[in-house]
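Both ligands and their constituent atoms are indexed starting at 1 by order of listing. Residue numbers start at 1 and run along the sequence shown. These values consider heavy atoms only, across backbone and side chains, with no hydrogens, waters or symmetry-generated copies.
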Amino acid sequence: MAAASNIQRGLQDVVALESQICFIDGKEGRLIYRGYDIRELAAQSTFEEVASLLWYGRLPGTKALAELRRHLASLRALPPELLPILDSLPVEAHPMDVLRTAVSALAVYEPSEALAGPSSIGGAQRLTAALPSILGHFHRRRTGQPALAARPDLSHAAYLLYALLGRDPTPLDVRAVDVALILHADHELNASTFAARVAASTLSDLYSAVTSAIGTLKGPLHGGANERVMELLDAIRTPERVEAVVHDKLARHERIMGFGHRVYKVEDPRATILREWSRKVGEERHDLHYYELLRAVERVVLQEKGLYPNVDLYSGSVYTLLGIPHDLFTPIFAASRVAGWTAHVLEEYQDLRLIRPTAAYVGAVDQRYVPIAERPE
Ligand code: COA
């Protein structure tokens, strides 16, 4: 059978649904959450405000924000039944696998109204609050450190850092992570959000949708790219080697992680903001090594391939300076994107239509069944 001519490979440019959550202008390099430009949100808001904006469609007032902060903080403790499951996982496991397993297991212990339908906003908040606790619990165990109690006094960003590092972070470090969380919170119909919406469109529950999303985010062409960027920098080591290493990779038709984007044709606005934070955090620590390497990689990749940085290029350099191991970068992405995933799942429940595209069949037809004894080997 001949292939259909109207296939959009990778669903490129296919408009799959209407959404009021997030808008990307790929030509102008603009990103908007519910009408608000990401640059203003990154400069002035907090992750909790942005999560509220994504879930409820408007920025919260003082009282509503304080209430949301309190509520999220009260949801941080993990159910005791989950802990032996987490503790049975090998310490060598990738934290994204741990996160996916933990969210899937957590569903079993949650009240049914948290799981599906419009009332699952409770589940959205529970998952958002619990992800740092899951990561912290696993990371402390694998590094031989005792578990920490949840800290209801900290913001989401500060608690995430505290859960991973076991100490009170500085205000600059908290702000760096808060900005990173704001920038990662949503991004229209990216692959993991689409996966979450596909699951929700079957009327499956919120936790299943987020489990699908975590599995999708893990891939190096999506959220997994930030971890690979640091592998590249570690392979480059010194600024003099940038050109040779990048040329060599391109000559072997390898992708340079942290560059290129399906939607942005110019620089990803999130990369612009994270570049500044990479410099700021580096200057504060008198360590601009990664920042300078990344600037040099940027120059070569633009010159050679005409590709611009995406969100994943600079985030890892910030997290590394904060003392966070590379394999926790994508889980941190998840600890932010969970707000966007769940906002999209709630939107899907409000206006549900089973997502089920078709494939152009290009396989054989009219084959005749041959009994096994008569088949050639
Ligand atoms: N490094 C080298 N070449 C790249 C590239 C990269 N990071 N990104 C795209 N290209 C090249 C492809 O090789 C392809 O070239 P070709 O036509 O000569 O084969 C061309 O650009 C188009 O790439 P394609 O994969 O079809 O575009 P896409 O829209 O599917 O790609 C990404 C989007 C994000 C998957 C892609 O840019 C990529 O793999 N980037 C690296 C991973 C990454 O940083 N992911 C995080 C995204 S936020």
Are any of the side-chain heavy atoms of S155 and E48 separated by less than 4.5 Å? yes
Are the side chains of F194 and L11 in contact, using a 4.5 Å heavy-atom criterion? yes
Looking at ligand 1, does G10 have a heavy atom less than 4.0 Å from it? no
Report yes if the distance between the aromatic ring centroids of H187 and Y264 is under 6.0 Å, otherwise no. yes
Have a look at P169 and tell me which of L160, V174, V177 forms a side chain to side chain contact (heavy atoms under 4.5 Å, CB included) with it. V174
Is_contact([atom]), protein non-hydrogen, under 4.0 Å:
atom                    : value
atom 26 (O) of ligand 1 : no
atom 45 (N) of ligand 1 : yes
atom 3 (N) of ligand 1  : yes
atom 15 (O) of ligand 1 : no
atom 7 (N) of ligand 1  : yes
atom 18 (O) of ligand 1 : no
atom 48 (S) of ligand 1 : yes

Transitive ILVMFWY side-chain link W55 to F23, under 4.5 Å: no
Assess R151 against Y159: is NZ or CZ under 6.0 Å from the centre of the six-membered ring, and within 45 degrees of the ring's axis? no
Is it the case that R375 places NZ or CZ above or below the six-membered ring of Y369, under 6.0 angstrom from the centre and within 45 degrees of the axis? yes
Tell me whether the rings of F47 and H156 are parallel (<30°), tilted (30 to 60°) or perpendicular (>60°). parallel
Can you list the ligand 1 atoms lying under 4.0 Å from a non-hydrogen atom of [X]?
X    : result
L221 : 39 (O), 45 (N), 46 (C), 47 (C)
M257 : 41 (C), 42 (C), 44 (O)
G260 : 34 (C), 37 (O)
A225 : 43 (C), 44 (O), 45 (N), 46 (C)
K305 : 3 (N)
L307 : 1 (N), 2 (C), 3 (N), 4 (C), 5 (C), 6 (C), 8 (N), 10 (N)
I256 : 1 (N), 2 (C), 6 (C), 7 (N), 41 (C)

Looking at ligand 1, does any of its N/O atoms fall within less than 3.5 Å of an N/O of F259? yes
Does any N or O atom in G258 lie less than 3.5 angstrom from one in ligand 1, N or O only? yes
Looking only at the side chains, is there a donor atom on one of [X] and [Y] sitting less than 3.5 Å from an acceptor on the other?
X    : Y    : answer
H137 : R140 : no
E267 : H261 : no
S19  : E188 : no
R197 : H344 : yes

Min over R262, Q12, R270 of heavy-atom distance to atom 29 (O) of ligand 1 lands on R262
Nearest heavy atom to atom 39 (O) of ligand 1 wins, so pick from H222, H184, R255. R255
Side chain, backbone, both or neither: which part of D312 comes within less than 4.0 Å of ligand 1 when only heavy atoms are counted? side chain
